[in-house]
Amino acid sequence: MADVVGLVLPFFGMILIGFVVAKLMKHPVEGLAWMNVFILYIALPALFYQLLSKTPIEQLTQISFILASMLATFLIFATMFAGSLLFGGNVPESTIKALAAAYGNIGFMGPGLALIAFGEEAAVPVALIFCFENVMHFVLAPTLMALSGERSPGASSLALDIGRKILLHPFIVATILGVLAAAFHFRAPGALDRLLEIVSRAAAPCALFAMGVTLALRPLRRMPTAIGPIVLLKLFLHPLLCYTMLSLIGDFPTVWVWTAMLLASLPTATNVYIIAAQYGVWVERASASILVTTTGSVATVTALLYLIRSGVLPPDLFP
């Protein structure tokens, strides 16, 4: 257990440092803008590119793995969405609640924690899950909002907006370039390769620090009544369902199964707050969901890693 705590605490410690510094220094949230630019457009894309470009191309075509992971996430989304509608919620609010329950922080937290826990072999499943699950969320959110009548652009405008968000997202662009580099055995020249390596090493600490700052500076005035189901679905049922789907659908490398479960166990993504603010729906409660699930994930992620590393969980639920 001590080695798991030693692995997890420095990781969450960076979030705590960012949170405490933001509370003490009292700088406005706008002061984080350039760090976010560095993280989103330079550091994390460089990390994804570096890892994927050096991966054998046959490892990047695991369609059944992608389907299993996406199915688990979609079922969590659908469960929260349907439950919210059943208890009187409207479509826009139900969409944000469903995102809070299903959309994990796989961008800022996923790569760093998975690579620390499982080594570079975790890079490919991280990139595949990130790329395809983000595509799913980028499609679901604007489509459901449009169907609700809150914002009703034409079908062509909606498709163009979704396509732009997918194709121009820096992480997805970096993933595509990394896959192409792997397919054509391209290697960056020495100086450029070293630059990418330096920048990619900054990705995890900067992303975690920025996340802590964001949590500290985001308003928290309303605790959602749906927080119980969101925590249950996001931190407990999502990784369990992912484990079940992977065991049912295919025979995958052990590290890939553990990585998918770890990413499924991560707290609500900060992007959920951004989407809520974009549509002016459930904004403060989305912020509360991020804070509560992030705090709770310190215990649940630690417990999951202990079960994995101690051998309590078999790599296949149905051997």
Side-chain angles (χ1 to χ4, degrees), residues 11 14 35-70 73 104-138 163-208 210-211 246 250 252-264 266 269 271:
F11 186 87
M14 281 301 302
M35 176 172 278
N36 281 332
V37 169
F38 172 73
I39 295 165
L40 292 172
Y41 290 91
I42 300 174
L44 284 171
L47 175 63
F48 278 117
Y49 176 83
Q50 282 288 86
L51 294 172
L52 290 175
S53 65
K54 299 172 182 178
T55 301
I57 189 62
E58 60 271 12
Q59 292 188 27
L60 303 176
T61 57
Q62 292 275 359
I63 303 300
S64 57
F65 175 82
I66 295 166
L67 290 176
S69 172
M70 289 181 65
T73 301
N105 207 328
I106 53 179
F108 276 23
M109 296 179 69
L113 186 53
L115 291 172
I116 291 172
F118 306 122
E120 291 200 357
E121 193 179 343
V124 177
V126 166
L128 291 176
I129 290 171
F130 177 85
C131 186
F132 285 95
E133 291 199 4
N134 268 288
V135 168
M136 180 173 67
H137 295 306
F138 292 161
R164 184 171 61 249
K165 287 181 178 179
I166 292 171
L167 294 176
L168 297 182
H169 193 289
F171 295 176
I172 294 177
V173 170
T175 297
I176 293 170
L177 291 176
V179 171
L180 289 175
F184 292 98
H185 305 288
F186 172 78
R187 293 291 180 268
L192 178 59
D193 187 63
R194 285 191 292 274
L195 175 61
L196 290 171
E197 185 68 22
I198 291 170
V199 170
S200 65
R201 288 183 182 275
C206 288
L208 295 171
M211 184 179 169
L246 288 168
F252 304 108
T254 300
V255 169
W256 285 46
V257 175
W258 297 152
T259 300
M261 285 186 68
L262 177 62
L263 265 60
L266 294 179
N271 276 350

For the atom pair CD1 (Ile57) and CG (Leu52), what is the distance rounded to the nearest 0.5 Å?
9.0 Å
Residues two or more places apart in sequence or in another chain: which of them pass side chain to side chain contact (heavy atoms under 4.5 Å, CB included) with Ala202?
Phe38, Cys206
Which side-chain N or O atoms in residues 191-200 pair as donor and acceptor under 3.5 Å with protein atoms at least two apart or in another chain?
{"unit_1": "Glu197", "atom_1": "OE1", "unit_2": "Gln50", "atom_2": "NE2", "d": "3.2"}
{"unit_1": "Glu197", "atom_1": "OE2", "unit_2": "Arg201", "atom_2": "NE", "d": "3.2"}
{"unit_1": "Glu197", "atom_1": "OE2", "unit_2": "Arg201", "atom_2": "NH2", "d": "3.1"}
{"unit_1": "Ser200", "atom_1": "OG", "unit_2": "Leu196", "atom_2": "O", "d": "3.0"}
{"unit_1": "Ser200", "atom_1": "OG", "unit_2": "Glu197", "atom_2": "O", "d": "2.9"}

Could you pull out all residues at least two apart from Arg164 that satisfy side chain to side chain contact (heavy atoms under 4.5 Å, CB included)?
Leu160, Asp161, Leu168
Validation row: Phe108, Leu40 side chains within 4.5 angstrom (heavy atoms)
yes
Sequence-distant partners of Val173, side chain to side chain contact (heavy atoms under 4.5 Å, CB included), two or more places apart
Leu177
Once you round to the nearest 0.5 Å, how far does CG of Asn105 lie from CG of Asn271?
8.0 Å
Could you measure the distance from the CG atom of Asn134 to the CD1 atom of Ile106? Nearest 0.5 Å is fine.
5.0 Å
Nearest 0.5 Å, please: how far is CG in Leu128 from CE in Met70?
11.5 Å
Run the side chain to side chain contact (heavy atoms under 4.5 Å, CB included) test against Leu180 and tell me which residues pass, sequence neighbours left out.
Ile176, Phe184
Could you tell me which residues satisfy ring-ring contact (aromatic ring centres under 6.0 Å, His included) with His169, sequence neighbours excluded, listed by chain and number?
Phe130, Phe138, Phe171
Please identify each residue that fulfils ring-ring contact (aromatic ring centres under 6.0 Å, His included) with Phe65, with sequence neighbours left out.
Phe252, Trp256
Residues pairing under salt bridge (charged side-chain N to carboxylate O under 4.0 Å, His left out) where one sits in residues 105-116, two or more places apart or in two chains, turn out to be none
Holding to side-chain hydrogen bond (donor to acceptor under 3.5 Å, both in side chains), I want the full list of residues that pass it with Glu120, two or more places apart in sequence or in another chain.
none
Sequence neighbours left out, what passes side-chain hydrogen bond (donor to acceptor under 3.5 Å, both in side chains) with Thr259? Give chain and number order.
none
Rounded to the nearest 0.5 Å, the NE2 atom of His137 sits from the OG1 atom of Thr73 at a distance of 5.5 Å
